[in-house]
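Read the structure below first, then the notes.
The first residue in the sequence is number 1, and the count goes up from there. Excluded from the calculations below are hydrogen atoms, water molecules and symmetry mates; all remaining heavy atoms, backbone and side chain alike, are included. Model, not experiment: these values are computed from the prediction. Note that ligands are numbered from 1 as they come in the structure, with each ligand's atoms numbered from 1 the same way.
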Amino acid sequence: MSGLLLGKTALVLGVANRWSIAYSIASAFVREGAQLVLTFQGERQRQTVEELGQDLKAVRVLNCDVTKPEELTQLAVDLKEVSPTLDAVVHSIAFANKEDLTNPFLQTGRDGFLLAQEVSAYSLVAVARTLAPSMTEGGAITTLTYLGSTRVIPNYNVMGVAKASLEACVRYLAAELGPTKIRVNAVSAGPIKTASARAVKDMTKNMEGLASRAPLRRNTDPAEVADAVVFLSSDLGRGVTGNTLFVDAGYQIMGA
Ligand SMILES: NC(=O)c1ccc[n+]([C@@H]2O[C@H](COP(=O)([O-])OP(=O)(O)OC[C@H]3O[C@@H](n4cnc5c(N)ncnc54)[C@H](O)[C@@H]3O)[C@@H](O)[C@H]2O)c1
């Protein structure tokens with residue numbers, strides 16, 4: 001594969017380290033010829049993400065905490081310096097308090113519930129509203145979701161509710177942005193060992209059982225999630241919007 005994203009400028013939000021799904025997506029975007037911009041969440045991440053950005057030959061690495069409207073506004077301004085148009089945006093961001101991914105769901109407090117919704121679902125709306133005006137030629141916004149949005153996955157709890165909200169946001173955004181040729185989709189990845197997955201009690205431990213029940217008899221490789229995002233972000237995905245595409249070795253079709 002090569003050149004599927006040639007001539008396109010892509011922004012990938014959510015690289016924290018080499019294990020981040022966003023890192024695999026960014027690598028695949030570069031392989032396909034995209035001009036890449038990365039973001040980091042606050043000073044604590046700056047050095048790591050700048051180093052990863054160098055490895056990936058990203059043209060810019062910019063600060064953006066999605067809960068801070070002023071940082072989103074500045075991001076749009078900084079992006080204009082990189083390129084007059086933006087073609088692809090990847091939102092690979094989620095957060096919930098660890099206790100809300102460990103304790104019974106019934107114990108979820110108001111603050112933890114709202115935090116998960118703000119970072120993991122509302123931020124897609126904020127990102128789309130801020131960056132859609134820069135997508136003057138149309139393009140693709142893609143987010144990452146998980147089966148816990150529609151099925152009860154042990155300890156996924158408040159994040160499952162946030163992912164249900166995120167997937168609904170995808171549909172409403174797709175309907176409104178379609179006339180400007182901006183497509184909005186979600187990729188539902190099977191479990192992958194990342195920092196976010198480790199925050200969910202027993203999630204990585206339960207992966208072994210999942211692999212034996214998935215039709216493809218294996219776990220999900222982040223590189224195949226990345227390739228699905230390439231497809232959606234490229235002209236090959238031009239007819240697809242408002243969708244949730246599963247990249248999970250087929251696990252979601254199984255009844256037991
Ligand atoms: N790992 C899995 O099993 C799995 C499966 C399906 C979906 N996902 C989703 O994939 C996405 C990426 O997660 P990951 O597994 O690569 O883990 P990760 O921890 O590497 O990535 C999560 C990212 O969210 C960022 N983030 C959190 N709060 C933020 C904020 N306020 N502003 C800006 N960035 C913020 C973090 O900095 C980090 O880069 C998430 O939406 C996650 O729910 C993960």
Side-chain angles (χ1 to χ4, degrees), residues 11-27 38-46 48-49 52-53 61-72 74-75 89-98 101 114-124 126-127 130 141-151 153 155-167 169-170 185-207 210-211 214 219-226 228-229 244-249 251-252:
L11 172 72
V12 177
L13 301 113
V15 174
N17 52 52
R18 264 179 212 285
W19 295 274
S20 296
I21 296 173
Y23 181 80
S24 296
I25 296 168
S27 308
L38 296 179
T39 62
F40 58 90
Q41 180 200 358
E43 286 306 310
R44 208 169 42 84
Q45 282 187 0
R46 179 192 284 272
T48 308
V49 182
L52 294 173
V61 179
L62 300 166
N63 182 37
C64 183
D65 181 326
V66 290
T67 63
K68 298 184 175 156
E70 67 284 5
E71 292 191 8
L72 273 172
Q74 187 58 44
L75 178 65
V89 176
V90 177
H91 171 280
S92 187
I93 286 174
F95 185 78
N97 289 328
K98 202 168 165 95
L101 304 169
L114 294 178
L115 176 69
Q117 287 286 335
E118 179 182 20
V119 178
S120 317
Y122 174 71
S123 68
L124 179 72
V127 164
T130 310
I141 300 174
T142 310
T143 188
L144 274 296
T145 188
Y146 180 56
L147 185 63
S149 61
T150 49
R151 309 265 185 92
I153 308 285
N155 302 313
Y156 203 63
N157 299 354
V158 74
M159 189 55 77
V161 179
K163 290 302 192 192
S165 169
L166 177 73
E167 290 170 20
C169 291
V170 164
N185 291 288
V187 170
S188 186
I192 294 169
K193 288 181 184 170
T194 64
S196 290
R198 286 179 207 283
V200 183
K201 188 181 168 213
D202 295 337
M203 184 149 171
T204 51
K205 203 171 90 189
N206 292 338
M207 280 172 68
L210 298 193
N219 279 311
T220 301
D221 178 353
E224 58 205 15
V225 175
V229 181
T244 297
L245 174 62
F246 285 88
V247 181
D248 66 345
Y251 181 79
Q252 38 82 35

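- Formation of a donor-acceptor pair under 3.5 Å by the Q45 side chain with backbone atoms of F40 is not found in this model.
- Going from atom CZ of R198 over to atom NZ of K205 covers 14.0 Å, rounded to the nearest 0.5 Å.
- With a 4.5 Å cut-off on side-chain heavy atoms, N155 and M203 do not count as touching.
- Protein heavy atom at the shortest distance from atom 40 (C) of ligand 1 is A94 CB, 3.6 Å.
- When side chains are defined from C-beta on, V225 counts as touching L144, because their heavy atoms get closer than 4.5 Å.
- In this structure a side-chain-to-backbone donor-acceptor pair under 3.5 Å is missing from T145 to V187.
- Atom 15 (O) of ligand 1 has its closest protein heavy atom at T194 OG1, 2.5 Å.
- Proximity of Y251 to T220: side-chain heavy atoms (C-beta onward) are nowhere separated by under 4.5 Å.
- Here T143 has no heavy atoms under 4.0 Å from ligand 1, in either its backbone or its side chain.
- Side chains of R18 and Y23 form a contact here, defined as non-hydrogen atoms less than 4.5 Å apart.
- Only the backbone of C64 comes within contact range of ligand 1, with a heavy atom under 4.0 Å; no side-chain atom does.
- The protein heavy-atom contact nearest to atom 4 (C) of ligand 1 is I21 CD1, 3.8 Å.
- Under 4.0 Å from ligand 1, not a single heavy atom of K193 appears.
- When only non-hydrogen protein atoms are considered, atom 5 (C) of ligand 1 lies nearest to A189 O, 3.6 Å.
- Ligand 1 lies nowhere less than 4.0 angstrom from a heavy atom belonging to S123.
- Within the 4.5 Å cutoff, no side-chain heavy atoms of N185 are placed close to those of L245.
- Without hydrogens or angle criteria, K163 side chain to T150 main chain gives no donor-acceptor distance under 3.5 Å.
- For atom 17 (O) of ligand 1, the closest heavy atom belonging to the protein is S196 OG, 3.0 Å.
- Of all protein heavy atoms, the one lying nearest to atom 36 (C) of ligand 1 is Q41 OE1, 3.5 Å.
- Residue nearest to atom 43 (O) of ligand 1, selected from M203, K163, M159: K163 (by heavy-atom distance).
- From the protein, the heavy atom lying nearest to atom 23 (C) of ligand 1 is S92 O, 3.5 Å.
- Of all atoms in ligand 1, listed by their number and element, those nearer than 4.0 Å to a heavy atom of A16 are 38 (C), 39 (O).
- For atom 10 (O) of ligand 1, the nearest non-hydrogen atom of the protein is L144 CB, 3.4 Å.
- Which parts of ligand 1 touch A197 is read off a 4.0 Å heavy-atom cut-off, strictly below it: atoms 1 (N), 3 (O).
- The distance from ligand 1 to the heavy atoms of P191 drops below 4.0 Å at these ligand atoms: 3 (O).
- Side-chain N or O atoms of T143 include one that pairs as donor or acceptor with a backbone N or O of H91 at under 3.5 Å.
- Between L75 and L13 there is a side-chain heavy-atom pair separated by less than 4.5 Å.
- Counting heavy atoms from C-beta on, the side chains of Q41 and V66 never come closer than 4.5 Å.
- Taking a cut-off of under 4.0 Å to the non-hydrogen atoms of V119, the atoms of ligand 1 that pass are 28 (N), 29 (C).
- The atoms of ligand 1 that sit less than 4.0 Å from any heavy atom of T67 are 31 (N).
- Using a 4.5 Å heavy-atom threshold, the side chains of Y122 and C169 count as separate.
- Against a heavy-atom cut-off of under 4.0 Å, G190 is close to the following atoms of ligand 1: 3 (O), 5 (C).
- If you look at T145 next to ligand 1, the close heavy atoms, those under 4.0 Å, all belong to the backbone.
- Set against the non-hydrogen atoms of G14, the atoms of ligand 1 under 4.0 Å away are 21 (O), 23 (C), 38 (C), 39 (O).
- The contact set between ligand 1 and A195, taken as ligand atoms under 4.0 Å from a residue heavy atom, comprises 19 (O).
- At least one heavy atom of Q45 sits closer than 4.0 Å to an atom of ligand 1.
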